[in-house]
Amino acid sequence: MTTPPPGLRERKKQATREALRAAALRLAMEHGPDRVRVEDIAEAAGVSPRTYNNYFASREQAIVSAVTADREARIAAAVAARPAGVRLADAVTEAVVEQYTDAGEGGHEALLFITTRPALRHAFLDSTAGIEPPLTAVIAERLGDTGGHTARVLAASVAAAVRIALEGWLRPAGEDAGAVGSPDAGGSPGPGGNPDAVGSPDAGGLVVPVGSLSDRLRAALAPLAPAFDAAAPVTGSPHVQTSRPSATPQTG
């Protein structure tokens, strides 16, 4: 799938988006996120608050966007760039791992800043939902799924898996990996299902990355591989990337 280069209008919109998120992160790190207003971000980026609202729904979303930086679109682009012969489940997994483990220049400091503040951490986790729309389009192209139903289900499942991996990676300090209510324990988010209780990455207090994010992402995405394989076109389809094994005949 070939994507045409963006036009002048789209490039201007992208430049405005980048200016807003850079200003949001800079002001938040200088003054603290709670002391930064939308008006402050807009002024620092040289636009009006009304223009700001065309790009971001909240202050937290703008700040987090400085770290995610169109990651969702880059994941979709990376999948689209994989050769047609690459298994789709593998293409998606590698694209997700690649984009989530490459923090970029200055990214680690900004990520630490975001993940240690509950409101920003929550927005960071919510940003995974943005994976679905662009990935749906790419998967639909690979599968020849013109209706987009199967592609959307698969893309939404990927987004959910990524969030689960991040929740397991960002665990309150001092919590054991198998503690009740932790993502690895397979229990509820916390006592009584309260998202602010201990065991939830949305809880207050110090939260630290635990283990390898790459490994967590691969483990969370692994259960989706059979669904991707089942959706893949059979050999001979113009959209095929691999053939599916035929079912073993039942003997009675």
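Just so you know, these numbers come straight off a predicted model, no measurement behind them.
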Do [X] and [Y] come close enough that some side-chain heavy atom pair is under 4.5 Å?
X      : Y      : answer
Met29  : Glu109 : yes
Phe228 : Asp90  : no
Ile139 : Val79  : no

- Do the charged groups of Arg163 and Asp126 touch, with an N to O distance under 4.0 Å? yes

- Message: Looking at Arg218 and Glu94, is any side-chain nitrogen of the basic one under 4.0 Å from a carboxylate oxygen of the acidic one?
- Response: yes

For [Y], is there any backbone N or O sitting under 3.5 Å from a side-chain donor or acceptor partner on [X]?
X      : Y      : answer
Tyr52  : Ser58  : yes
Thr51  : Val47  : no
Arg216 : Ser212 : no

Please report the closest heavy-atom contact between [X] and [Y], naming both atoms and the distance.
X      : Y      : result
Ala151 : Ala140 : CB-N, 3.5 Å
Leu221 : Ala161 : CD2-CB, 3.8 Å
Ala156 : Glu132 : CB-OE1, 3.6 Å
Ala95  : Ala78  : CB-CB, 3.7 Å
Thr128 : Ala159 : O-CB, 3.4 Å

Are [X] and [Y] linked, directly or through other ILVMFWY residues, by side chains that come within less than 4.5 angstrom of each other?
X      : Y      : value
Ile41  : Phe113 : no
Leu111 : Ile75  : yes
Leu213 : Val97  : yes

Give, for atom [atom1] of [X] and atom [atom2] of [Y], the distance between the pair rounded to the nearest 0.5 Å.
X      : Y      : atom1 : atom2 : value
His108 : Leu112 : NE2   : CG    : 11.0 Å
Leu88  : Leu154 : CG    : CG    : 7.5 Å
Arg26  : Asp40  : CZ    : CG    : 10.5 Å
Leu120 : Ser127 : CG    : OG    : 11.5 Å
Thr116 : Leu170 : OG1   : CG    : 10.0 Å
Asp229 : Leu224 : CG    : CG    : 11.0 Å

- Distance only, no hydrogens: is a donor on one side chain within 3.5 Å (strictly under) of an acceptor on the other, for Gln14 and Glu18? yes

- Task: Decide side chain to side chain contact (heavy atoms under 4.5 Å, CB included) for His122 and Glu60; before the verdict, give the C-alpha distance in whole Å, the side-chain angles of both, and the deciding distance to 0.1 Å.
- Result: CA-CA 9 Å; His122 184 74; Glu60 289 76 18; over 6 Å; no

- Message: As a quick check of understanding, evaluate side chain to side chain contact (heavy atoms under 4.5 Å, CB included) for Glu167 and Leu125, giving each step before the final call.
- Response: CA-CA 8 Å; Glu167 287 176 347; Leu125 292 172; 4.1 Å; yes

- Task: Any chance you could lay out the salt bridge (Lys or Arg N to Asp or Glu O under 4.0 Å) test for Arg21 and Asp70, step after step, and finish with the verdict?
- Result: CA-CA 11 Å; Arg21 63 191 180 204; Asp70 299 323; 3.2 Å; yes

- Query: Just checking, Arg71 and Tyr100: is the charged tip under 6.0 Å from the six-membered ring centre and within 45° of the axis?
  - Reply: yes

- Task: Evaluate side chain to side chain contact (heavy atoms under 4.5 Å, CB included) for Arg37 paired with Arg59, printing each intermediate quantity in order.
- Result: CA-CA 7 Å; Arg37 303 176 304 163; Arg59 169 186 60 192; over 6 Å; no

- Using the side chain to side chain contact (heavy atoms under 4.5 Å, CB included) rule, take Val162 and Leu217 through it: C-alpha gap first, then chi angles, then the decisive distance, then the call. CA-CA 6 Å; Val162 171; Leu217 288 168; 4.1 Å; yes

